[in-house]
2 protein chains.
Amino acid sequence: MLCRTYDGAVTDENHPTEETLGLRELKKRQSRIAMHRAALEIVNEHGLAGVTVEAIAHRAGVSTRTFFNHWATKESAIIGVLGANGDEIAGRLRQKIQETGPLGALRTVLREFAASAPVDPELRELKKQVMAKEPRLHSYSTGNLRSVQTEMVVVLAEALEGEDAHERAMLAVQLGFAVTRTAFAASMARGLDLGTAFDDVLAHYDEGDPVF
Amino acid sequence: MLCRTYDGAVTDENHPTEETLGLRELKKRQSRIAMHRAALEIVNEHGLAGVTVEAIAHRAGVSTRTFFNHWATKESAIIGVLGANGDEIAGRLRQKIQETGPLGALRTVLREFAASAPVDPELRELKKQVMAKEPRLHSYSTGNLRSVQTEMVVVLAEALEGEDAHERAMLAVQLGFAVTRTAFAASMARGLDLGTAFDDVLAHYDEGDPVF
DNA sequence: ACAGAAACTGCACTCAGTGAAATAGTGCAT
DNA sequence: ATGCACTATTTCACTGAGTGCAGTTTCTGT
């Protein structure tokens, strides 16, 4: 599980090929890629303020209503992160905790999440350009995942013991996302893939960088 | 500087009293408190989904347009954080770096920011209730400060040396805000004031809690 | 081929947020 | 006190995000 991203990138051995997927699911994904790409292109051309849902939908060849059937907000389409991913991540965290205990689980899951970023080189380059042009987007990148964060805190808290389990869980999740956000920015700035950027930043974090 | 919050709480010795402030500035603040209180009350009564800017403005006795002259978004009025605070914080960080170097500066400034939370006990209690009822609001609490975060990164990065200064600065700021967010949640959950909650969470952080 | 499910669409609607121009209220000068 | 300059507030009109609903199209399993 947790294998596919919106553009069909696969991080597990269970490849759901186009045949096994069915035409319906296939079109759904093509539609999503089209919208995501359209969103990135329009931001690239007209800036973040110059993009409207109507324009995105039109370029992607769907109605604006359909747009909102796929993406919760305009920003999520630009970033390319589906809300549904959230549930997967929280579920994956629960599973990993059962397997190996709560200690390394959060790292593993966030690392997996980072590594599952889209691999289409053209989209990657486009996204990088857009991110460089519109720094405001960085904060959206993991900002959409509010509900995931709280869910992860709950999952993690029930695996910890002690009175202040919830507080420690929350701190852990917040720190984890802090690292992830930084990794995201670094990967965009330096053209790295998210996975190695994550390892990079995590190394800094483990050094106990005295800046904070 | 960095002395006043929206409700007149003061964290420095230069008290601007009501006389020295002038009628204009005084009314402005009363208006802001009225809007903030109205926002909290309505969320408390009708839930987060049942609050509209029109309702807030009406209860506070102002027009909706005036509402947006004071608050950048609906959420910022509920949380009670002014956008203007952001510039103050970044400026304060720059000042503190010049005084004591980049190392402890970030902590100090965030701690000061945390301690400058509103002190009106009635509003505090109301806010606590609202936060307990609507957990979604937690993420808004420091989420509005996107522009501040990026500005702080810039300020901090130019004080650090080395090639990866920007990346280290970003990690530091992200970690700092992770702690601040957690402290905010803890203070709301346990009824502590933000300052001591911040120290509490920071202690956990310094222990190198192995959860993350 | 056909029935049921799922996705797409058009329409009407609410509400957040902005710009501009008119108006009212404050502060300061004489 | 009164007029002048400045600033906040208001009114109005508007754009655009997001949602609910009902009807149509497109796919899937049999």
Side-chain angles (χ1 to χ4, degrees), chain A residues 6 16-36 38-39 42-43 46-79 82-84 136-137 140 143-144 146-147, chain B residues 6 16-36 38-39 42-43 46-79 82-84 136-137 140 143-144 146-147:
Chain A
Y6 64 92
T17 55
E18 295 180 2
E19 286 93 29
T20 64
L21 266 180
L23 198 52
R24 182 172 282 168
E25 192 66 17
L26 183 69
K27 283 197 174 183
K28 206 162 147 182
R29 290 187 191 189
Q30 287 177 338
S31 210
R32 278 185 197 174
I33 303 175
M35 289 187 246
H36 178 42
I42 296 179
V43 174
H46 302 99
L48 190 52
V51 62
T52 66
V53 171
E54 195 181 347
I56 298 172
H58 180 260
R59 186 174 295 203
V62 297
S63 72
T64 67
R65 194 61 187 81
T66 297
F67 177 91
F68 285 111
N69 286 338
H70 286 267
W71 310 93
T73 64
K74 185 175 66 167
E75 287 75 24
S76 64
I78 301 173
I79 301 295
L82 298 174
R136 179 195 299 259
L137 282 175
Y140 287 127
N144 306 31
R146 288 180 208 126
S147 58
Chain B
Y6 63 93
T17 56
E18 295 180 2
E19 286 93 28
T20 65
L21 266 179
L23 196 54
R24 184 172 282 168
E25 195 67 16
L26 183 70
K27 283 196 172 181
K28 207 162 152 183
R29 288 186 193 190
Q30 287 177 339
S31 209
R32 276 187 202 174
I33 303 176
M35 289 186 245
H36 178 41
I42 295 178
V43 174
H46 302 99
L48 191 52
V51 63
T52 65
V53 171
E54 195 181 347
I56 299 172
H58 179 259
R59 184 173 294 204
V62 296
S63 72
T64 66
R65 193 62 184 82
T66 296
F67 177 92
F68 285 111
N69 286 338
H70 285 266
W71 311 93
T73 65
K74 185 175 65 167
E75 288 74 25
S76 64
I78 300 174
I79 301 295
L82 298 173
R136 179 197 297 260
L137 281 175
Y140 287 127
N144 306 30
R146 287 180 210 128
S147 57

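Just so we're clear, the structure is a prediction, and the values are computed from it rather than from any experiment. Naming convention: chains lettered A, B, ... in sequence-line order (proteins, then strands); numbering from 1 in each chain.
The distance between atom CD1 of I42(A) and atom P of dG16(D), rounded to the nearest whole Å, is 13 Å. Distance, E54(A) CD to dG10(C) P: 12 Å, rounded to whole Å. Between the P atom of dA6(C) and the CZ atom of R32(A) lies a distance of 15 Å, rounded to the nearest Å. Whole-Å rounding puts the L26(B) CG to dG25(C) P distance at 17 Å. Here the P atom of nucleotide dC8(C) and the CZ atom of R24(A) are 9 Å apart, to the nearest Å. Per the geometry, NE2 belonging to H70(A) stands 16 Å off C1' belonging to dT19(D), to the nearest Å. Put simply, CZ on F67(B) is 17 Å from P on dT11(D), counting in whole angstrom units. Distance, N69(B) CG to dG17(C) P: 13 Å, rounded to whole Å.
The nearest pair of heavy atoms linking W71(B) to R32(B) is CZ2-O, 3.6 Å. When all heavy atoms of F67(B) and V53(B) are compared, the pair lying nearest together is CD2-CG1, 3.6 Å. Across all non-hydrogen atoms, the minimal contact from I42(A) to G50(A) is CG2-O, 4.1 Å.
The phosphate of dA7(C) has OP1 or OP2 within less than 4.0 Å of a side-chain N or O from K28(A).
Using a 4.0 Å heavy-atom criterion, one finds that T66(B) contacts the bases of the nucleic acid, with or without backbone contacts as well.
For F68(A), counting side-chain heavy atoms from C-beta on, the closest listed nucleotide (dG17(C), dA8(D), dA17(D)) is dA17(D). Residue V62(A) has its side chain nearest to dT9(C) when only dT9(C), dT10(D), dA7(C) are considered. Closest to the side chain of S63(B), out of dG18(D), dT11(D), dT26(D), is dT11(D). Closest to the side chain of S31(B), from the set dT9(C), dG18(D), dT9(D), is dT9(D).
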Item to check | Test log, rule side chain to side chain contact (heavy atoms under 4.5 Å, CB included), inputs H46(B) and V51(B) | outcome: CA-CA 7 Å; H46(B) 302 99; V51(B) 63; over 6 Å; no
Next on the checklist: Does R59(B) form a side chain to side chain contact (heavy atoms under 4.5 Å, CB included) with M35(B)? I'd like the steps, not just the answer.
Outcome noted: CA-CA 8 Å; R59(B) 184 173 294 204; M35(B) 289 186 245; over 6 Å; no
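A donor-acceptor contact under 3.5 Å is not formed by the side chain of R65(A) with the base of dG18(D).
Map T52(B) and K27(B) each onto its nearest nucleotide of DNA chain C; the residue landing nearer the 5' end is T52(B).
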